[in-house]
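Note that the numbering runs from 1 along the sequence shown for the chain.
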Amino acid sequence: MRVGDKFCPGILHAVPAKDGLLLRIRVPGGLIQPGQLGAIAELSATLGDGQIEITSRANLQLRAIQPQDLAKVVEGLIAVDLLPSREHDRVRNIIASPFAGLDSQELLDTVPLVRELDDRLTADSAFAELHPKFSMAFDGGGRWFSRETDDLALRAVRAGDEVFFQLSVGGEPSDMSVTSARAVDCMLEAARISLRIARQFEIPVRGRRIIAVPGATATMMEGLSEFLTPCTLPHDFAVEVETPVGISQTRHAGLASVIPSVPLGRLQAGQARLISAISKDYESSLRLAPWRGIVLGAIPEQAVREVSAQLAEAGLSLDGKDGYRGLSACAGIHGCDASLGDVRAVAASLARQLAGREIKPGWTVNISGCEKRCAMRNGATAEMEANESGYSLKLHGVAVASHSSPAAAMEAIVACHKDKDFAAEVDS
């Protein structure tokens with residue numbers, strides 16, 4: 001599948017893959033309504049492969065759509081307001097914590113800012129020129145889980161009795177901040193300046209490319225001077241290494257967040273229907289998460305046991321011991337022409353071997369079908385990559401095999417899980 005910026009999928013930009021057409025659905029801030037998730041589940045069950053993929057930017061994908069069914073799928077998505085602007089179909093990456101407004105560690109609820117940003121972004125034709133991967137993040141100052149380098153980010157920081165947003169561009173924090181009242185104005189103006197700089201220097205509209213241009217950062221700060229004030233707080237931002245699973249308390253008395261494990265970031269249509277029904281029944285919020293999962297927020301504490309049982313019966317574990325925690329795999333040989341291995345089958349087999357074990361902090365495994373390593377995190381504990389004669393394998397960043405069989409590579413990963421210092425050679 002072609003994945004350059006001209007071929008990034010959307011609802012109106014279906015991309016051919018080995019198993020049919022691939023559609024990507026923008027879900028700003030990961031905020032999705034239960035009726036929308038239910039509608040997507042129905043479309044996947046009747047016109048797709050019966051699964052819904054959650055992406056690392058908390059959007060959704062439908063696969064295996066046949067050309068003759070494409071119009072029906074698009075109509076179904078439009079009917080539940082998942083295409084607010086045709087121009088901005090692929091301008092989609094507004095990032096927020098799935099615990100925004102829920103977690104007691106949050107300094108500020110960013111949900112209203114996400115919604116305002118999306119409304120104003122999709123109302124302005126100029127922003128249709130943003131790169132499909134361009135991301136704008138609002139961090140409320142609590143736990144942060146996205147491992148993506150956001151093109152623009154505003155992170156909540158406390159200064160005395162006030163909360164400000166510190167500006168970062170291309171992953172580099174600045175010494176400037178903006179008030180919450182001007183945060184959306186600042187974000188939109190920063191996006192406009194990014195577009196101007198990219199046009200001037202004929203580079204992609206990406207934060208890292210822009211700050212690499214000599215003088216571009218100064219130009220950005222000068223253009224935002226009416227919004228910004230100096231920020232002397234330390235740049236001690238960190239990304240959470242653990243993938244949350246289970247029950248999490250909220251800042252609201254009597255309410256909890258329920259966080260199931262979603263194997264390989266793929267919800268079965270029936271599972272999505274169940275989650276949609278639970279959210280409707282308890283009037284809870286639904287948040288897609290950057291670990292390719294989902295959060296049912298604000299579930300009444302007295303209902304948590306029943307909800308947990310329903311999810312577990314549907315194959316969505318809440319104890320983190322299903323073997324899939326920290327495990328990622330690409331589409332593999334059944335969904336991508338470039339893949340050299342059935343990586344999803346390998347991932348499922350590995351998960352069975354790891355099931356029932358306590359996962360070590362920071363444990364992550366990537367299994368890729370080819371050298372492109374699509375959507376894989378950097379620096380995983382174990383990395384399997386298919387090649388023409390088997391799999392290469394890295395453990396803790398050290399290459400231990402070049403042409404391993406799947407069974408031998410999995411055996412080494414299981415041993416690595418038992419002993420973090422494991423670095424034995426794997427039979428070729």
Donor on one side chain, acceptor on other, [X] and [Y], under 3.5 Å:
X: Ser368; Y: Asn366; value: no
X: Asn93; Y: Asp150; value: no
X: Arg208; Y: Thr149; value: yes

| query | Heavy-atom distance under 4.5 Å between the side chains of Leu228 and Met221, does that happen here? | reply | yes
| request: Any chance you could lay out the salt bridge (Lys or Arg N to Asp or Glu O under 4.0 Å) test for Glu383 and Arg373, step after step, and finish with the verdict? | output: CA-CA 10 Å; Glu383 300 173 75; Arg373 303 177 71 250; 2.6 Å; yes
| task | Apply the test salt bridge (Lys or Arg N to Asp or Glu O under 4.0 Å) to residues Arg251 and Glu106: give CA-CA distance (whole Å), side-chain angles for both, the deciding distance (0.1 Å), then the verdict. | result | CA-CA 9 Å; Arg251 66 195 312 160; Glu106 295 278 308; over 6 Å; no
| side-chain contact (heavy atoms from CB on, under 4.5 Å) between Ile32 and Leu60, intermediate numbers included | CA-CA 10 Å; Ile32 190 164; Leu60 293 175; 3.7 Å; yes
Using residues 278-285 as the side-chain source, report each donor-acceptor pair under 3.5 Å to any protein atom, sequence neighbours left out, with the distance given to one decimal.
unit_1 : atom_1 : unit_2 : atom_2 : d
Ser279 : OG     : Ser284 : O      : 2.8
Ser279 : OG     : Ser284 : OG     : 3.4

| query | What are the two closest non-hydrogen atoms of Gly320 and Val245, and how far apart are they? | reply |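 Scanning both residues, the minimum pair turns out to be N-CG1, 3.6 Å.
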| Shortest non-hydrogen separation from Leu37 to Ser276 and the atoms involved |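 In this case the closest contact between Leu37 and Ser276 is CD2-N, 4.3 Å.
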| Between Arg158 and Glu162, does at least one N-O distance fall below 4.0 Å, as a salt bridge requires? |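 No, Arg158 and Glu162 are not salt-bridged.
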| task | Using a strict cut-off of less than 4.0 Å between a Lys/Arg side-chain nitrogen and an Asp/Glu carboxylate oxygen, indicate whether Arg90 and Glu129 qualify as a salt bridge. | result | no
| Geometric cation-pi criterion, Arg325 with Trp363: 6.0 Å, 45° | no
| cation_pi(Arg143, Phe99) dist<6.0 Å, angle<=45 | yes
| field | Derivation of the side chain to side chain donor-acceptor pair (under 3.5 Å) call for Gln61 and Arg24 | value | CA-CA 4 Å; Gln61 291 186 165; Arg24 190 170 295 158; 2.6 Å; yes
| message | Arg182: which residues meet the side chain to side chain donor-acceptor pair (under 3.5 Å) condition with it, sequence neighbours left out? | response |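 Partners of Arg182 by the side chain to side chain donor-acceptor pair (under 3.5 Å) criterion, ordered by chain and then number, come out as Asp185.
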| request: Please identify each residue that fulfils salt bridge (charged side-chain N to carboxylate O under 4.0 Å, His left out) with Arg192, with sequence neighbours left out. | output: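 Counting only residues at least two positions away or on another chain, Arg192 forms a salt bridge (charged side-chain N to carboxylate O under 4.0 Å, His left out) with Asp124, Glu189.
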Taking atom [atom1] of [X] as the centre, does the number of heavy atoms from other residues, nucleotides or ligands within less than 6.0 Å exceed 12?
X: Gln68; atom1: CD; result: yes
X: Arg199; atom1: CZ; result: yes
X: Glu371; atom1: CD; result: no
X: Glu358; atom1: CD; result: no

| message | What verdict does the salt bridge (Lys or Arg N to Asp or Glu O under 4.0 Å) test give for Arg26 and Asp89, after you've listed the backbone C-alpha separation in whole Å, the side-chain angles of each residue and the deciding distance to 0.1 Å? | response | CA-CA 7 Å; Arg26 67 191 302 276; Asp89 178 31; over 6 Å; no
| task | Quick one: do Arg63 and Asp49 satisfy salt bridge (Lys or Arg N to Asp or Glu O under 4.0 Å)? Show the steps, please. | result | CA-CA 6 Å; Arg63 303 190 68 98; Asp49 64 357; 5.1 Å; no
